[in-house]
Q: 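Here it is, the structure, as structure tokens.
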Amino acid sequence: MDLDFTPQQQAFRAEARAWLHDHIPTAPLKSYDTREGFEQHRAWEAKLAEGGYSSVTWPKELGGRGANLIDWLIFEEEYHAIDAPMRVNQNGILLLGPTLMEFGTVEQKARFLPRMARCDDMWAQGWSEPNAGSDMANIASKAVRDGDEYVINGQKIWSTRAVFANWLFGLFRSDPQSVRHHGLSYLLVPLDAKGITIRPIVALNGKQAFAEVFFDDVRVSIANRIGEEGQGWNVAMATAGFERGLLLRSPARFQRTAQRLVELYRRHQASADRDPSIREGVLKAWMDAEAYNLASYYTVGRLLKGGRIGAEASTNKIFWSELDLQMHETAIRILGPRAELIDDPEVRDWLEGFLFAQAGPIYAGSNEIQRNIIAERVLGLPKS
Amino acid sequence: MDLDFTPQQQAFRAEARAWLHDHIPTAPLKSYDTREGFEQHRAWEAKLAEGGYSSVTWPKELGGRGANLIDWLIFEEEYHAIDAPMRVNQNGILLLGPTLMEFGTVEQKARFLPRMARCDDMWAQGWSEPNAGSDMANIASKAVRDGDEYVINGQKIWSTRAVFANWLFGLFRSDPQSVRHHGLSYLLVPLDAKGITIRPIVALNGKQAFAEVFFDDVRVSIANRIGEEGQGWNVAMATAGFERGLLLRSPARFQRTAQRLVELYRRHQASADRDPSIREGVLKAWMDAEAYNLASYYTVGRLLKGGRIGAEASTNKIFWSELDLQMHETAIRILGPRAELIDDPEVRDWLEGFLFAQAGPIYAGSNEIQRNIIAERVLGLPKS
Amino acid sequence: MDFTFNEEQLALRDSVSRFLMNEAAPELLREIWETGGGRAPELRAKFAQQGVTALSVPEAYGGLGLADVDWALITEELGYYAIPDSLADTVYVATGLLCAVPEAESLRAQWLPGIAAGTARVSIEHPVNPWVADAHLADLVLAFRTEADGILELHALAGAGLARSAIGSIDGSRRLSVLAQQPLDASTRLLRGEAARTIAEATLDRATVAVAGQLVGLAQRMLDLSVDYAAQRKQFGRPIGSFQAVKHHLADVVTRIEFARPVLYRAALALQRNERDRAALVSHAKLACAEAAWTAARKGIQVHGASGYTWEVDLQMFMKRAWVLDAAWGDRGFHKARLGEALLRDDAPLGPAATLY
Amino acid sequence: MDFTFNEEQLALRDSVSRFLMNEAAPELLREIWETGGGRAPELRAKFAQQGVTALSVPEAYGGLGLADVDWALITEELGYYAIPDSLADTVYVATGLLCAVPEAESLRAQWLPGIAAGTARVSIEHPVNPWVADAHLADLVLAFRTEADGILELHALAGAGLARSAIGSIDGSRRLSVLAQQPLDASTRLLRGEAARTIAEATLDRATVAVAGQLVGLAQRMLDLSVDYAAQRKQFGRPIGSFQAVKHHLADVVTRIEFARPVLYRAALALQRNERDRAALVSHAKLACAEAAWTAARKGIQVHGASGYTWEVDLQMFMKRAWVLDAAWGDRGFHKARLGEALLRDDAPLGPAATLY
């Protein structure tokens, strides 16, 4: 057990800090759920890629560093410490990218990865369907083979980034006789293809956060399939798994929020202390954010030593989503009657964050599903 | 809406207060989970019955007042305000008594009720079995008809008062072919009958709080059956129901505990305020105890106007059991490192109460079962 | 002792409820959210037609003269249908204020008939709120102001022409302003000092009970929406409402609501009788109802899943209103502090039946 | 940067765990609970044979010289098997104390070999605790006392013949006393004033980490017992562990444990390196581990149902130990106050990676 960063790690941190300091946008970007903001964020991520910071765990030739997860944690710390913009290209970097690297053909990699890394292509995800939310294996959208093409019909929903992105990846039922997770294929679909209709879904916060995507005889080449036909579920799951759950929310993000919360509390301590649950909440926020950080370093350390991360990663999802809610609720309580004022500069970010935190226990596998997974796969309790 | 007690109600309160003041034991009674304490409590309840306070809702000739539920609330307020002893005869008064009054024959009433009222007979309950806890309809103990008798074989468990009581009431399977809640009969069994073995179960607190009762060819007369053969479930449920849930835990008990908690907090405020959750907990305890009281008066008022109490009574069970836990946990936190000291006079009652509170969310229908009931019968959600 | 409502009170509640069910559907609410400055004058006219605007107005001024306890049930309905602030503020809180101030005789004559008829709108400025609701349409603003000398005063200001700046709220039905704090002259002054303070407290308590009632109504609405969703929405081949986790989420909401309502009713009575422990009972009602609504929002969106996170599913409007009212007329800290003070007093309302005397 | 244990540390933990699994079954624990004053000398002898008593003792005195981080894993095992206080107090906390006091050279020579050999027992009196554990069998008592002049002193007292009164605990494995507070003379004094205060704080932190480790071990044990029960116990025709409510209770315990352990390890390292933020990190560990254990107890008894409420089912012994250790070496108020102070300082450990530097 050794908490000293190596000289290389220290150098990397210094370099990242300096680069971010020199390059982060001087004015806050608009929300990426607007066209203008989306383009601003895309430009920022392209700049990150130029600097080699798009994803530090990616190979160098794709705008990464070929670095390990400790470097990823370090970079995230610097990124959040300086309040750099939210990331818009996570679908590509976290979800599709690793899948392509593992299952893509040489041609597919050459065709898609560099453009993804440079943000030339922006990717939307197409997992959920109206009747396949938590129950992902219930996917019904069809991809019927017709020679060298698939003809896609159906509907995806809750497709993040689909309002402004130009490509979508997702699972489609290529074997019409199949049920559950059999007979699905993993396809890449250009969103400007004929037969595609995109209907933005407006979120709680009034922004176009995701979309429904309708497919009406949409044709894509079989060259756009990753992995074998009918093996889509396995392809998706192989990298959908546990390590990705680790990367989805870095601890630095929550530590930064906990820091802002402590600062907010200090500014308003006299009024905050009228409600004893606030001080309790501030202490808890700090503790849980630090615990999440320590648990991340602990997990990463074991992974680097060849360990594996299993179903216990579901605890991660539960922990950060409840932490995020708890921190924002505490901030809302501190702000008291001002908390509703959307244009108040001290309020605005907390209010946005509070709304976003409501989604935490729901998306990326609802917390109910995560608790089932822990009970069944970690504790070995019988299925219901 | 009128919160003024009538002159009669005020007179009853004054009378009860004076009577309790004159009669409550001068020294604390020993625990009724010991032989000595059991007899002390039995004597106290016999005295209550003499005074007409055994159960104010019972008829006068049985040691009650024939009074309504408002009087019951008033009596409970006076009873807990003066810290009178815990009640040992509740199995009879709350569970068996009303059942006998509704379903018993004239002979059964004459035979059992006066003795019950005077505490000549003390009653144990025999519902649960090793495989019929939350799932009461799973009862397996058999009562095979043999002429004018039943021959009972089987086992009951968690039988409160069975260590020292002399009678037991419960459900037994009189139709060996039957399943679930069909074919059960409601029988009264003398605990000194041949073939009965009682094995005390020691509780968490080291006391003999309940027992296992084994039946080995135990013979009881059919005159000891309440209601028709095979109708035991309906007999039990008719009075097991919702009103009894109201009577099980009077609000005064929790208001008294909340009062003691506020006093404890006031005595130790400086050290308690180091942990902000304590003040929060004290406020919550007071609020919830008062809410439970107000909800009781609200429910009783509607019942007196001919309203019915339905499955929403399950909220009562959840509310008081969680309140009891929360109050005692808060007290334990105030007591801090002294909370473990069983002989400390300021600690002892809180510690006993804390242990007892652990059982609250479990007995009388676990809180999980209560939540199912609310969801299915109040909200109409489908069964699992 | 009868801690229940009588037939007339329940019948009135039912008739208001039926009226709102027909006239205040979520579609209307969406319209209100989306129209910039306005309110729905047709709706106000219908309220007047139903007599809702006249409920608190004394009979002498053409009203029904109902008291706080009657109102408790009505406020739940206003919450259930998420009726914007102006109605309760005008016809319950401000009307009560005008009736409580002996010096306001001429104001009563001037305004109460219009309030009863649904033609007058009154807003209230109070130090506990950093905003004034619906001031832009107010004919009259009753303003509690701490003057330069530190003394509280109550002024009656003509609404027209008041300098104000609009401030946006997350609740799209809110129309909030901050009024310019220029010095007020004696001509608009109604009360000053202790008298103003007493009325300010009574107004705060009345408004708090109104908000608490709306919160428990909102909780019930969010529960009902969630139950409907859980009964219809299927996952893994069965309605999600058949999963124990979903059942238990919603059972918790039922429990919170069941034990908040009687507290609300008790507080309304304390208001009506101006009881010694009024402040503690009112703060308790606010905290209990706010907790019920907060729980209903959290469990509601969890049960709704991604749908609950959208603009187009109605839940969001009720959640936002619940979040906003949670801190209106005293945030949790304000009410916990009042309650804590009451409990630590020597004559604190402690022990069996304490709050029933 | 490597926030993990090395092979040797894990191997040592595994061997201690295997040893305890064989030698410290619940039946032994019951015996300890039920024998009046005593401890199990045979168990101590076996600990010594396994080298457990020698872990902290420096090599110069016949020990292994392990440091706090190594101990973190061991304390979890001590908690998992609910080993009574005396062992950790003697071989970890008191040994650490003796090694940290330069003035204690002759005491080290006198006591450390016996500690390593399992023949000597040491108890600690500290102002944060209203009791002293295992003083009745102690050969040596290290007592922090605030003298009449208000100055803290550390004394080394011979255990034999100390005036003490035994006090009962809800945890039947505890053997607590209060020592008579007669004036102590300079002959037993080791430290006074600032030096005593520094060592008292270090001792408190070391003992707190030991308690935190035991708490998370207890949490794991209660979880394991509950999972076993839930997998076997049937209701409504199926194992109760197949019900979602039971699953979710236990999943919550897993989550609390997973996020308490790394905090424990971090605190042990802070102790070992005597870091600037040691107090905050140690208090965090205590609070996180206590919460894990408290949750495991509550959910554990809920899952066990009536069985969990009995004396004969093992769960009760672990619950009581968890409840008791929750307030040992600083209750929640003590540790929250320390944490709060640290967070409100100008150089508070806030922000990304703050506690890693």
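In the text below, chain A, chain B and the rest are named by the order of the sequence lines, each starting its count at 1.
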Q: Think C:Arg206 forms a cation-pi with C:Trp329, using NZ or CZ under 6.0 Å from the six-ring centre and within 45 degrees of its axis?
A: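 Relative to the ring axis of C:Trp329, which defines the angle, C:Arg206 lies outside at least one limit.
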Q: Roughly how far, to the nearest 0.5 Å, is the CD1 atom of A:Ile332 from the CG atom of C:Asp326?
A: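 C:Asp326 CG to A:Ile332 CD1: 10.0 Å, rounded to 0.5 Å.
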Q: Based on non-hydrogen pairs under 4.5 Å, which of C:Glu312, C:Gln316, C:Met317 is most in contact with chain A?
A: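 It is C:Glu312.
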Q: Where does C:His335 contact chain A at under 4.5 Å (heavy atoms): side chain, backbone, both or neither?
A: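 For C:His335, neither part sits under 4.5 Å from chain A.
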Q: Examine whether an atom of A:Leu341 lies under 4.5 Å from a heavy atom of chain C, and if so say whether it belongs to the side chain, the backbone or both; otherwise answer neither.
A: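 When you check distances to chain C, atoms from both the backbone and side chain of A:Leu341 fall under 4.5 Å.
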Q: What part of A:Ala209 gets within 4.5 angstrom of chain C, counting heavy atoms only: side chain, backbone, both, or neither?
A: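 Looking at A:Ala209, nothing touches chain C.
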Q: Below 4.5 Å from any heavy atom of chain C, which atoms of A:Asn131 appear? Answer side chain, backbone, both or neither.
A: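 Answer is both: backbone and side chain atoms of A:Asn131 are under 4.5 Å from chain C.
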Q: Any cation-pi pair here, C:Arg256 with C:Trp294, using under 6.0 Å and within 45°?
A: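 Negative - C:Arg256 is either too far from the ring of C:Trp294 or too far off its axis.
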Q: Test the A:Lys156-A:Phe172 pair against the cation-pi criterion, namely NZ or CZ under 6.0 angstrom from the six-membered ring centroid and within 45° of the ring axis.
A: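 Checked: cation-pi criterion met.
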Q: For A:Ser366 and A:Glu368, test the side chains for any donor-to-acceptor distance below 3.5 angstrom and give the result as yes or no.
A: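 Yes, a side-chain donor-acceptor pair sits under 3.5 Å.
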Q: Can A:Arg249 be said to sit on top of A:Phe319's aromatic six-ring, NZ or CZ under 6.0 Å from centre and within 45° of the ring axis?
A: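 Verdict for A:Phe319: no cation-pi partner in A:Arg249.
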Q: What part of C:Leu176 is in contact with chain A, defined as an atom under 4.5 angstrom from a non-hydrogen atom: side chain, backbone, both or neither?
A: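 Contact with chain A is through the side chain of C:Leu176 alone.
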Q: What part of C:Ala245 gets within 4.5 angstrom of chain A, counting heavy atoms only: side chain, backbone, both, or neither?
A: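 For C:Ala245, side-chain heavy atoms alone lie under 4.5 Å from chain A.
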Q: Does a donor on one side chain and an acceptor on the other come within less than 3.5 Å for A:Glu129 and A:Gln155?
A: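 Distance-only check fails for A:Glu129 and A:Gln155.
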Q: Using non-hydrogen atoms only, which part of A:Ala203 is less than 4.5 Å away from chain C: side chain, backbone, both, or neither?
A: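 Both parts, heavy atoms under 4.5 Å.
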Q: Under a 4.5 Å cutoff for heavy-atom pairs, which residue among A:Ile278, A:Asn372, A:Leu325, A:Asp344 has the most contacts with chain C?
A: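 Maximum pair count with chain C is reached by A:Leu325.
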Q: Using a cut-off of under 4.5 Å for heavy-atom pairs, which of A:Pro361, A:Gly336, A:Ala272 has the most such pairs with chain C?
A: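 With the most close heavy-atom pairs to chain C, the winner is A:Pro361.
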Q: Pick one of side chain, backbone, both or neither for C:Val246, based on which atoms fall under 4.5 Å of a heavy atom in chain A.
A: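 Neither part, no heavy atoms under 4.5 Å.
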Q: Does any heavy atom of chain C fall under 4.5 Å from the side chain of A:Arg371, the backbone, both, or neither of them?
A: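 Answer is neither: A:Arg371 stays 4.5 Å or more from chain C.
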Q: Measuring heavy-atom distances to chain A, does C:Met319 have an atom under 4.5 Å in its side chain, in its backbone, in both, or in neither?
A: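 The answer is the side chain of C:Met319.
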Q: Is the A:Phe38 ring parallel, tilted or perpendicular to the A:Phe164 ring (thresholds 30°, 60°)?
A: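 Plane angle between 30° and 60°, so tilted.
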Q: Answer with side chain, backbone, both or neither: which region of C:Arg174 has an atom nearer than 4.5 Å to a non-hydrogen atom of chain A?
A: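 For C:Arg174, the contact with chain A is made by the side chain alone.
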Q: With a 3.5 Å cut-off and no angle check, do the side chains of C:Ser169 and A:Glu340 form a donor-acceptor pair?
A: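 Yes, because at least one side-chain N or O of C:Ser169 sits under 3.5 Å from a partner of the opposite role on A:Glu340.
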Q: So, is the end of the C:Arg238 side chain (NZ or CZ) under 6.0 Å from the ring centre of C:Phe243 and within 45° of the ring's axis?
A: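 Pair C:Arg238/C:Phe243 counts as cation-pi.
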Q: Less than 4.5 Å to any heavy atom of chain A: does that hold for the side chain of C:Phe334, its backbone, both, or neither?
A: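 Looking at C:Phe334, backbone and side chain both touch chain A.
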